[in-house]
Amino acid sequence: MERDKHWRDRIDYTLLFLVFLLLCISAMAIYAGTTAQYVSDEAYRHVFVLSQARWMAIGAILIVIIMMIDYEYFKYLTIPLYAFGMILLLIVEFFGVTVNNATRWIGINGSAIYQPSEIMKIILVLTLAHLVFYLNRRYPEQGLRADLIKLGLIVAVSLPPIFLVLKQPDLGSALVLVSIVAVAILVSNMSLKMILSLAGMAAVFVAFIFYLFFNYVDLLIAWEILESHQLERIYGWLYPEEYASSYAMQTLGATIGIGSGQLTGVGFLNSVQAANAAIPEMHTDFIFAVIGEEFGFIGSTLVICVFFLLIYRMVVLAMACKDLYGTYIIAGIAGMLTFQIFQNIAMTVGLMPVTGIALPFLSYGGSALMTNLIAIGVVLNIAMRQKSYMFETSREAANMERVRG
């Protein structure tokens, strides 16, 4: 009972503050990035911010609920959650709502309501964390047989959701799921030789894709390796000047906006790119362009620093876990967020092709925000059950002595 009195002291307020800071930045950036392309009147500019605020409130409630459940119970929910996620993806496959030539949504009367690939990310994190925890206990020693068993089971669990997400098609979300799988492999105690072999095969596969792209591009479509719009995004990435008015329009508009922000930015609500609606999806996938233009290099750097501190805090919490199951969960969440942050910012400044990956906690969108806040709730749940306080050990020992006496 004494331990229950201090539950407030066990919350990791550093992590909560960093998330709160990102949500405040998100509200400002979404408001600034809501252009005439999406609202007919300046007076309706606040609509997207209010919608996002509702999702933030729901997310806060979910965080509290998740923190009340001991994360050890997640082990018993692994199979039901995985089945639930797969059922949602199958519903999308057969009855999904199509938006922008992609069937990624569950809807009502033709209106998109929820994107199941988002919640599948956190479900896959929990599933693989439990699987790796079990496998490392079953096969504690490294060896070819143990490595192949671990790899086979991880791939067997991961391939079905990745396949269904790719069919939507949603390459961005599929790549996020792959990043979660990569983290699971890294923490699965496989031999260094196996991990390097897998990394080498991945590099060869990417090189093969680029070889086909430059020499036999028709085969990429014929073999259904890439969709036509995905090829267009690669063209826009490699040849931005040539496709400035089509495939590369978003990337060029974003880089121009960020460049015009210079050191201190043009000021809040003074974005030229937003005013001219020069960047489609500016308040969603290209939210970082708003920050770069209006707050400049200093503002962009501060946002990146907040993200760095968020991931660093998760790493610290993962290392402080008293059991490996909690460590694996936090590692998966940190890997998931790190990949999304890197990919989104990199595509905004032209270092990577556009993939449609949202910037965690900042981009507009309820499905993605829910997943990220649920992930934070899980991390807080694990962290608050690891902390110990002075005299707790001695108090427990005294109680044991009293019972024996």
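All values below were derived from every heavy atom in this structure, side-chain atoms included, with hydrogens, water molecules and symmetry-related copies excluded.
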Please lay out, stage by stage, how Leu153 and Val157 fare under the test side chain to side chain contact (heavy atoms under 4.5 Å, CB included).
-> CA-CA 6 Å; Leu153 290 175; Val157 169; 5.6 Å; no

Rounded to the nearest 0.5 Å, the CG atom of Leu50 sits from the CE atom of Met56 at a distance of 10.5 Å

Query raised in the report: Quick one: does Phe133's side chain get under 4.5 Å of Arg137's, heavy atoms only?
Result: yes

Counting N and O atoms only, with roles assigned by atom type, does the side chain of Ser188 sit under 3.5 Å from a partner on the main chain of Ile185, one being a donor and the other an acceptor? yes

_More than 12 heavy atoms of other groups within 6.0 Å of Phe214 CZ_ = yes

| said: Evaluate Met282 against Ile287 for side chain to side chain contact (heavy atoms under 4.5 Å, CB included), listing each step before the verdict. | reply: CA-CA 5 Å; Met282 194 171 190; Ile287 196 75; over 6 Å; no

message: I'd like to know if the side chain of Asp70 reaches the main chain of Tyr73, judged simply by a donor and an acceptor atom lying under 3.5 Å from each other, with no hydrogens or angles considered.
response: no

Using the rule given for side chain to side chain contact (heavy atoms under 4.5 Å, CB included), can you reason through Ile234 versus Leu226, listing the C-alpha separation, both sets of side-chain angles and the distance that settles it, and then say yes or no? CA-CA 10 Å; Ile234 296 177; Leu226 291 176; 3.9 Å; yes

Nearest heavy-atom contact between Trp223 and Leu212 is CZ3-CD1, 3.9 Å

If we only count heavy atoms from C-beta on, is the Ser173 to Lys121 side-chain gap below 4.5 Å? yes

Nearest heavy-atom approach of Thr355 to Met347 is N-SD, 3.6 Å

Donor-acceptor contact present, side-chain Arg10 to main-chain Arg385, <3.5 Å: no

Query - Backbone N/O of Thr284 and side chain of Ser363: donor-acceptor pair under 3.5 Å - result: yes

Could you check whether any side-chain N or O of Asn381 sits under 3.5 Å from a backbone N or O of Ile66, counting only pairs where one atom can act as donor and the other as acceptor? yes

Contacts of Gln115 meeting side chain to side chain donor-acceptor pair (under 3.5 Å) (sequence neighbours excluded), chain-then-number -> Ser117, Asp170

| Hey, are the side chains of Glu72 and Asp323 touching, using non-hydrogen atoms and a 4.5 Å cut-off? | yes

When you compare the side chain of Met314 with that of Ile333, does any pair of heavy atoms fall below 4.5 Å? yes

task: May I ask you to check whether over 12 heavy atoms, not counting those of Lys167, lie within 6.0 Å of atom NZ?
output: no

The reported gap from CG in Asp285 to CD in Gln250 (rounded to nearest 0.5 angstrom) is 7.0 Å

Spell out, as yes or no, whether a donor-acceptor pair under 3.5 Å connects the side chain of Thr255 to the backbone of Leu252. yes

**OP:** Would you check if Leu351 and Trp237 make a side-chain contact, meaning some heavy-atom pair closer than 4.5 Å?
**Re:** no

Compare all side-chain heavy atoms of Leu128 with those of Val183 and state whether any distance is below 4.5 angstrom.
-> no

Test your reading of the model: is there a side-chain donor-acceptor pair from Asn344 to the backbone of Gln340, 3.5 Å cut-off? no

Quiz item: Is there a side-chain contact between Asn270 and Glu294, using heavy atoms and a 4.5 Å cut-off?
Solution: no

To the nearest 0.5 Å, atom CD1 of Ile180 lies from atom CD1 of Ile154 at 13.0 Å

For Asp147 and Asn189 the tightest heavy-atom approach is OD1-O, 4.3 Å

Using distance only, find each side-chain donor-acceptor pair of residues 295-306 under 3.5 Å and give its atom names and separation, not counting sequence neighbours.
unit_1: Ser300; atom_1: OG; unit_2: Gly296; atom_2: O; d: 3.0
unit_1: Thr301; atom_1: OG1; unit_2: Phe297; atom_2: O; d: 2.7

**Asked** Quick one: do the Ser271 and Glu293 side chains pair a donor with an acceptor below 3.5 Å?
**Response** yes

Do Phe361 and Ile25 make a side-chain contact, defined as non-hydrogen atoms from C-beta onward lying under 4.5 Å apart?
no

Take Ser51 and Tyr364 through the test side chain to side chain donor-acceptor pair (under 3.5 Å) and record every step on the way to the result.
CA-CA 9 Å; Ser51 176; Tyr364 174 80; 3.2 Å; yes

Between the CD1 atom in Ile376 and the OG1 atom in Thr371, the distance rounded to the nearest 0.5 Å is 12.0 Å

Can a side-chain donor-acceptor contact be found between Thr78 and His130 if the only test is distance below 3.5 angstrom?
yes

Tyr243 meets the ring pair (Phe, Tyr, Trp, His ring centres under 6.0 Å) criterion, sequence neighbours left out, with Tyr235, Tyr247

Begin with the C-alpha distance, continue with both residues' side-chain angles, and end with the deciding distance and a verdict on side chain to side chain contact (heavy atoms under 4.5 Å, CB included) for Met120 and Leu89.
-> CA-CA 8 Å; Met120 194 65 214; Leu89 291 178; 3.9 Å; yes

Residues Phe268 and Met28: closest non-hydrogen pair is CE1-O, 3.5 Å

Closest non-hydrogen atoms of Leu16 and Ile11, given as atom of the first, atom of the second and distance, are CD1-CG2, 3.6 Å

Report task. Evaluate the side chain to side chain donor-acceptor pair (under 3.5 Å) criterion for residues Asn136 and Tyr328: first the C-alpha distance (whole Å), next the side-chain angles of each, then the deciding distance (0.1 Å), finally the verdict. Result -> CA-CA 11 Å; Asn136 282 347; Tyr328 297 155; 2.7 Å; yes

Taken to the nearest 0.5 Å, the spacing of Arg138 CZ from Ile149 CD1 works out to 8.0 Å

Separation between CG (Leu362) and CD1 (Ile30), nearest 0.5 Å, reads 8.0 Å

When every non-hydrogen atom of Met194 is compared with those of Leu148, the smallest separation belongs to CE-CD2, 3.8 Å

Compute both the distance and the angle, then confirm whether Lys150 meets the cation-pi test with Tyr139: under 6.0 Å from the six-membered ring centre, within 45 degrees of the axis. no

